[in-house]
*Asks:* 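My questions will all concern the structure given below.
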Amino acid sequence: MDRLLFALLVIVAAPAATAFYIVLAERALRVLPERRQRRIRPWLWIGPALLLLTVFLIYPSVHTLVLSFFNADSTRPVGLDNYAYIATDQSMLVALRNNLLWVVLFSGLTVALGLLTAILTDRVPYEGVAKSVIFLPMAISFVAAGVIWRFMYDYRPPGVPQTGTLNAVLTALIPGFEPQAWLINSSVNNLALIVAGVWTWTGFCLVILSAALKGIPSDVIEAARVDGATELQIFRRIILPMMSPTIAVVVTTMIIFALKAFDIVYVMTNGNYDTEVIANRMYKELFNFRNFGRASAIAVLLLGAIAPVMILNISRFRAQEQRR
Amino acid sequence: MAWTRSFTSLRTVAGALALSVVISACGQSAQQQSGGSDASRIGGNVNVLATWGGDEQDSFLAMVKPFEDRTGVRIQYEGTRDLNAVLTTRVQGGNPPDVAGLPGPGQMAELARGGRLIDLSSVVDMASLQADYSQDWIRLGQVDNRLVGIFIKTSLKGQIWHNPAAFNQAGYSIPHTWDETMALSERIAQSGTAPWCIGLESGAASGWPGTDWIENIVLRQSGTDVYDRWYSGQLRWTSPEIQRAWQTWGQIVGNPSMVFGGRQGILATNFGDAGAQLFTTPPRCYLHQQGSFISSFYTKSNPNLQAAQDFDFFMFPPFDQAQASSSIEVAGDLFGMFKDTPQARALMQYLVTPEAQSIWTRRGGAISPNRQVGADAYPDIMTAKAAQTMISASTVRFDASDLMPEGMNNAFMRGLLDYVNDPTRLNEILTSLDRVQADTYSR
């Protein structure tokens, strides 16, 4: 009850304080001459955002970078030891390999399936329903999605009724099919986890790509049809090029998600049986082993991997905005 | 990036929570003043964090109910299976629970050295604690001669469970040595049924039931000296003694006809579900190694089962009849105090009493570390037998994996999963455990 009150207080107080700050700043500005006003005003408006960014993003990032050169409890500098560890430790190498797998398969599948469903649903009368169904998993938290897929992949030894959906269906349909421990067998478990991720994120890609598809002027496509282009030609020569800026943004976003993959792995296998990913490893170093040095080094590695993709994403976005 | 962001947001949340605690604390003092005339009715709240869920949570709540009624203190219980992570987050975020279950002596030592835990010798009556608790139990709660944790519930480990009716009907008899156990296992396997049921799956802690196997084997095969040197990091994993223990377990887990469901079955089956196969007709297995707490899982999946009649246990057998015959492995739930409030003090004082502990033991699934809790405080003769086994044992050792640094424990569990997955990788697994040992104990 007290917490609820406090939450309400925050909801009311934070906007009130912001409004108060703006009014006060504008009042103070009025005493200055017109020219100085114009130069100072942007800084006053952007000030709070800059402050929050510094406190909540820049400071922790720098602090993390500093911690990565210290030992487990941050009492003694150890130079590059933590980085040497994450570059040689067996389970870190497995994690790096798996993240690469996630980047390729997860981003590839979500975008490809999103694009396919966007184009297919565009042509049917029940588009809204179809899109909603595919988008629905987005409403479920990733932890819940992981739990659901654990039930899907559940395994019971042969001879016992199969409770996992996948094994139950396969053993019923294919005579003599041996139930598989999908999350344990190292040849399929990474794929099994990625499929769970794809299920959750395809809807997101679909919605954005579908919006881009709708943005293509219909006269261009009609002109192509009049000129005798086939549907495949229209897709390859018109739709795809016109959607490419959006596709690029979606792909980079998905790559970032793939690099940050955590929830599904944590819930479904906790990185066992060669399914470890970088973010889960970082969680373990931080919360289970309380090795702040190594956890920070992994965080820096992750930041280093994501930053270029992020920069690419932003510059793409800017270029696209300018073209408008 | 994701990390820094979530870390700072944790801090904000923690700050918000800390504030809300201040607000609620103000509310309490008002309540107190208007409270009754009874001096022991202090009112207020205690925030308790522990690992228990389901039946165990119900038992804990039943245990503290008389305390709540008498003192007017409300227990706000929060259960998590990932205690280690939750506790670390909350302690780091400046928002520790008032009282919490500690994941094990290893982590307790880290928390105590970080100055997070309150010295309990000023909280509970030490004279009566010394009288009621064996010195071993008290010592396990001490760090640098300061008492920071007290066991409120314990369990016996390394029990081998069976279904007496099915067992006798098939003409099997209880083995007294490891060799007899293996001979029996082979006999059962030849009859076409798997002798053992094993389940290692346990979410983020998957693999821990295997640590009990290795520990019980090491303790009985090589003795207490090897056991102590091993968990304290002075004996390498690749040493002949430890390697032999893994290979001994490998005779069971590495042989698909020995365990129901084979290797995949072992890895995919939840520890709590594994034993249910003892009670099918015909049984899918005859033996299940697990601690004393497992009986509540049996009765949960099959409510009609009667202890001692439908399921019973014998202790993990010695390797040599003469040697180490009464060494037993135990585990338990340590409680520590993070905030020194009158309510938390009162709760800790209450939890160590035989009155409190016998509430849980009567409900089943627990053994009290308090000597004052008599045989009549156990629900059946089987549990009373387990309690008796624990009290009468000449040598008691605490769960080794709980005594190891968390990084070592985690690698141990993971190594067991890898071993079951592919027993030919034993050397590689033990070598990598040696590396973790060199790394985690040096801190």
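Order of the sequence lines sets the chain letters (A, B, ...), proteins ahead of strands, with each chain counted from 1. All values derive from a computational prediction rather than experimental measurement. Heavy atoms only: backbone and side chains are in, while hydrogens, waters and symmetry mates are out.
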*Asks:* Are A:Trp201 and A:Phe257 close enough that their ring centers fall under 6.0 Å?
*Replies:*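 Yes, the ring centres sit under 6.0 Å apart.
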
*Asks:* A:Tyr266 versus chain B, heavy atoms under 4.5 Å apart: side chain, backbone, both or neither?
*Replies:*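 Only the side chain of A:Tyr266 comes within 4.5 Å of chain B.
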
*Asks:* Name the member of A:Glu285, A:Gln90, A:Arg294 that forms the most heavy-atom pairs with chain B at distances under 4.5 Å.
*Replies:*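 Looking at each option in turn, the highest pair count goes to A:Arg294.
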
*Asks:* At a heavy-atom separation under 4.5 Å, does B:Asn84 approach chain A through its side chain, its backbone, both, or neither?
*Replies:*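 The answer is both parts of B:Asn84.
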
*Asks:* Without swapping roles, check the side chain of A:Lys260 against the backbone of A:Ile306 for a donor-acceptor pair under 3.5 Å.
*Replies:*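 Checking the backbone N and O of A:Ile306 against the side chain of A:Lys260, no donor-acceptor pair under 3.5 Å is found.
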
*Asks:* Between A:Asn99 and A:Ile278 (side chain of the first, backbone of the second, donor and acceptor by atom type, cut-off under 3.5 Å), is there such a pair?
*Replies:*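 Pair found, side chain donor or acceptor close to backbone of A:Ile278.
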
*Asks:* Do you see a donor-acceptor pair shorter than 3.5 Å between the side chains of A:Thr269 and A:Thr275?
*Replies:*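 There is such a pair between these side chains.
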
*Asks:* Under 4.5 Å, counting heavy-atom pairs only, tell me which of A:Ile184, A:Val10, A:Asn71, A:Asp274 racks up the most with chain B.
*Replies:*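 Of the options given, most contacts go to A:Ile184.
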
